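The next block holds one structure in the form of structure tokens; read it before the comments.
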Amino acid sequence: MYWNTSSAFTPVGLALRDPATRKIVRTLGDAACVLVRDWPRNDGDEYIAAVKACVDAMSGKLAPEQFREVFLRAADEAGIVTLNVVQKGVRARRPHLPATVRR
């Protein structure tokens with residue numbers, strides 16, 4: 001299993017429960033922990049799909065970026081605010097990601 005894989009997984013910032021509870025999900029292991037420990041609802045269809053997709057991604061059956069899309073849908077279903085996290089220098093390490101706008 002690929003618990004700590006982060007290749008091709010664009011980090012996601014989450015605002016859980018209240019503005020003071022924030023997490024950054026960088027790896028499949030981070031996502032699994034958030035889904036099990038911190039998710040506000042564990043009965044939605046998208047939540048169940050995200051848990052299954054996380055297991056599939058950890059076992060190599062699903063690409064991490066595909067899991068990320070399922071994870072974002074589950075967050076939307078649960079009313080969790082999500083933010084795209086842009087890491088400095090990520091373009092050099094992951095040239096397949098779109099360029100960011102710089103001011």
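All values below come from the heavy atoms of this structure, side chains included, with hydrogens, waters and symmetry mates left out. Note that the numbering runs from 1 along the sequence shown for the chain. Note that this is a predicted model, so its numbers are computed, not measured.
- Taking CG of L62 as the start and CZ of F67 as the end, the distance is 8.5 Å to the nearest 0.5 Å.
- The structure places CD of E77 at 8.5 Å from CD1 of I48, a figure rounded to the nearest 0.5 Å.
- Side-chain atoms of D76 do not come within 3.5 Å of backbone N or O of L72 as any donor-acceptor pair.
- Within the 3.5 Å criterion, the main-chain N or O of A53 finds no donor-acceptor partner in the side chain of D56.
- Judged as a side-chain hydrogen bond (donor to acceptor under 3.5 Å, both in side chains), and not counting sequence neighbours, the contacts of N84 are R68.
- Here the side chains of R73 and V70 are in contact, with some heavy-atom distance below 4.5 Å.
- With Q66 contributing its side chain and A63 its backbone, the two residues share a donor-acceptor pair below 3.5 Å.
- Taking every heavy atom of both residues into account, P11 and I24 meet most closely at CB-CG2, 4.2 Å.
- F71 has its side chain within reach of V25: a pair of non-hydrogen atoms, C-beta onward, lies under 4.5 Å apart.
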Only pairs under 3.5 Å count here: list side-chain donor-acceptor contacts from residues 31-41, not counting sequence neighbours, and write none if there are none.
unit_1: D38; atom_1: OD2; unit_2: K23; atom_2: NZ; d: 3.4
unit_1: R41; atom_1: NE; unit_2: D43; atom_2: OD1; d: 3.3
unit_1: R41; atom_1: NH2; unit_2: D43; atom_2: OD1; d: 3.3

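- Within the 4.5 Å cutoff, side-chain heavy atoms of V12 are placed close to those of L14.
- A donor-acceptor pair under 3.5 Å links the side-chain atoms of E65 to the main chain of T10, judged by distance alone.
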